[in-house]
K.L.:
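Let me give you the structure first, and then I'll get to my questions.
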Amino acid sequence: MTIRRQETSIYPIGKLPQTDLITLLSRTPAGQDARVIFGPGLGRDAAVIDFGDRYLVAKSDPITFATDEIGWYVMNVNANDVACLGAQPRWFIGTLLLPEDKADHALVERIFAQLHAAGDEIGVSVVGGHTEITHGLDRPIAVGAMFGEVTPERLVRSDGARPGDALILTKGICVEGTALLAREAADRLRGQVAAAVVKRATQFLHDPGISVVRDAALVTANGEVHAMHDPTEGGVATGIYEMTEAAGVGAVLDAAALPFYPETRLLCDALGLDPLGLIASGSLLAAVAADSAPRVVQALNAAGISAAVIGALRETPGVTVRDGRDEYPLPRFTRDEIARLFDAL
């Protein structure tokens, strides 16, 4: 008798593959609490629970790629996903796992200072959490849970995009990824990219900044918004696919309107990465009624936040890029470009 050995495939660094995630989420037990307005799903930014005259919006996200300023990162990326549903982020609970033999008082002080500074800037209170020294880690890991609130009539569903909507992108491609490359791959960039460019890129974390809380508030206050999404792992390209597929629509993008930062292009070219697939917190994708798009863009620009209409949504599924007379599919990324870089570091 021949015994067949079952082979196990090991996942690479990065998000769980979408096909596996969809399968796992499909097993969510039926009969979920009726107060759950918005539960788990691909491309969904956060959960929404009915609390009477208010909806509670809840989100959890870790910081695993960054080692520098992780307190700032974890506060902002969690707040972003709450804000994308039209809610105001209010309360944060954090878990901080620190590496043995490397964690000292100064490190803990820095991370807590970053958390409180970020919370003060966006109006969020730290209300609890857990901190420990953990075996087997070579760097700090931060995991956050953010809670916010929104009235039912102001809720913005991440699956609400409609054909004919204008697709707006705030800031550029891509804020977080540019800062991460400059901070985490400085040795590889030395001699390939001017030191002044790398130094400027390290500051993208704060300027233009990875928070989209103000961006989301301005969009909802100035236009008819149908969906918002904070592109993170997988970059702006993955964020657009997630937004369109959640709503069952497609999109055509204008290649000339895609706002790439010069620093991002220089760093990505030096490292052989595609900025469209690079982790992208700091930019907000918003699907708004076409007639209100100019007003939304004007309001964002007036507040000092660059924004542009980068395309339009349509009924036909799929996302394409129009470049002059040519039209081609927007690239898909099975994993974030920074995960591919980390494999090589």
Side-chain angles (χ1 to χ4, degrees), residues 11 13-16 21 24-25 28-29 32-33 35-36 38-40 44-49 51 54-85 87-150 176 179-180 183-184 205-206 210-213 230 232-233 279 281 336 338-339 342:
Y11 293 118
I13 293 172
K15 280 186 176 180
L16 200 67
L21 182 58
L24 292 167
L25 292 177
T28 301
Q32 196 174 42
D33 188 331
R35 294 171 63 191
V36 177
F38 213 39
R44 293 188 174 181
D45 293 314
V48 180
I49 304 167
F51 267 53
R54 292 283 192 280
Y55 286 162
L56 178 72
V57 179
K59 169 66 183 179
S60 178
D61 232 346
I63 299 300
T64 53
F65 291 134
T67 58
D68 189 24
E69 295 204 52
I70 64 169
W72 185 269
Y73 273 105
V74 74
M75 175 69 74
N76 279 294
V77 299
N78 279 280
N80 285 350
D81 283 342
V82 170
C84 282
L85 294 187
Q88 175 63 49
R90 296 288 189 195
W91 309 282
F92 178 83
I93 294 175
T95 296
L96 186 60
L97 307 178
L98 303 171
E100 57 183 337
D101 300 328
K102 295 182 181 179
D104 58 16
H105 183 75
L107 173 65
V108 178
E109 284 276 5
R110 284 198 304 273
I111 295 173
F112 270 73
Q114 294 158 15
L115 274 173
H116 291 302
D120 287 346
E121 185 167 303
I122 57 177
V124 170
S125 298
V126 177
V127 296
H130 175 81
T131 303
E132 69 172 57
I133 315 303
T134 305
H135 172 70
L137 296 182
D138 62 359
R139 66 191 187 283
I141 299 291
V143 183
M146 182 70 71
F147 303 91
E149 57 183 355
V150 62
E176 181 183 7
L180 271 173
R183 290 166 180 262
E184 304 296 331
L205 188 62
H206 301 282
I210 61 170
S211 174
V212 299
V213 173
D230 168 36
T232 52
E233 280 192 53
I279 190 166
S281 289
D336 196 284
I338 205 159
F342 276 28

K.L.:
I need the minimum non-hydrogen distance between A142 and L96, along with the two atoms involved.
P.N.:
CB-CD1, 4.2 Å
K.L.:
Identify all side-chain donor-acceptor contacts of residues 121-133 below 3.5 Å with residues at least two apart in sequence or on another chain.
P.N.:
residue : atom : partner : partner atom : Å
H130    : NE2  : E132    : OE1          : 2.8
E132    : OE2  : T134    : OG1          : 2.9

K.L.:
Answer whether the closest heavy-atom distance between the side chains of F147 and I93 falls below 4.5 Å.
P.N.:
yes
K.L.:
Once rounded to the nearest 0.5 Å, what's the spacing between atom CD of Q114 and atom CD of E109?
P.N.:
11.5 Å
K.L.:
Taking all atoms of both residues into account, what is the closest heavy-atom pair of Y73 and E176, and its distance?
P.N.:
CE2-OE2, 3.5 Å
K.L.:
Enter the distance from I338:CD1 to L180:CG here, rounded to the nearest 0.5 Å.
P.N.:
4.0 Å
K.L.:
Quick one: CG on D230 to CG on L85, what's the gap to the nearest 0.5 Å?
P.N.:
11.0 Å
K.L.:
Would you compute the distance between atom CG of D138 and atom NZ of K102 and round it to the nearest 0.5 angstrom?
P.N.:
5.0 Å
K.L.:
Quick check for you: to the nearest 0.5 Å, what is the distance between E149 atom CD and Q88 atom CD?
P.N.:
8.0 Å
K.L.:
Of the non-hydrogen atoms in E100 and G136, which two are nearest, and what is the gap between them?
P.N.:
OE2-N, 3.5 Å
K.L.:
With a 4.5 Å limit on heavy-atom distance, are the side chains of N80 and V82 in contact?
P.N.:
no
K.L.:
Is the shortest side-chain heavy-atom distance between H116 and M75 below 4.5 Å?
P.N.:
no
K.L.:
Would you say Y55 and I49 make side-chain contact, with heavy atoms under 4.5 Å?
P.N.:
no
K.L.:
How far does CG of L205 sit from CG of D68, to the nearest 0.5 angstrom?
P.N.:
8.0 Å
K.L.:
Take F38 and V57 through the side chain to side chain contact (heavy atoms under 4.5 Å, CB included) test and state the conclusion after the steps.
P.N.:
CA-CA 9 Å; F38 213 39; V57 179; over 6 Å; no
K.L.:
Are L24 and L16 side-chain neighbours, meaning at least one heavy-atom pair lies under 4.5 Å?
P.N.:
yes
K.L.:
Just wondering, do L21 and L25 contact through their side chains at under 4.5 Å, heavy atoms?
P.N.:
yes
K.L.:
With a 4.0 Å cut-off on N to O distance, would you call E69 and R110 a salt bridge?
P.N.:
no
K.L.:
Would L98 and L137 satisfy side chain to side chain contact (heavy atoms under 4.5 Å, CB included), going step by step from the backbone distance to the final call?
P.N.:
CA-CA 7 Å; L98 303 171; L137 296 182; over 6 Å; no
K.L.:
Does any non-hydrogen side-chain atom of I111 lie less than 4.5 Å from one of V108?
P.N.:
no
K.L.:
Looking at P99 and P140, what are the two nearest heavy atoms and their distance?
P.N.:
CD-N, 3.7 Å
K.L.:
Side chain to side chain contact (heavy atoms under 4.5 Å, CB included), that's the test. Do I63 and V77 meet it? Break it down for me.
P.N.:
CA-CA 9 Å; I63 299 300; V77 299; 3.7 Å; yes
K.L.:
Taking D61 for its side chain and G144 for its backbone only, find out whether a donor-acceptor pair lies under 3.5 Å.
P.N.:
no
K.L.:
How far apart are the closest heavy atoms of N76 and S211, and which atoms are they?
P.N.:
OD1-CB, 3.3 Å
K.L.:
Where do K59 and D81 come nearest, in terms of heavy atoms and distance?
P.N.:
CE-OD2, 2.7 Å
K.L.:
Does R139 reach the main-chain N or O of T64 with its side chain, forming a donor-acceptor pair under 3.5 Å?
P.N.:
yes
K.L.:
Are any of the side-chain heavy atoms of V48 and L56 separated by less than 4.5 Å?
P.N.:
no
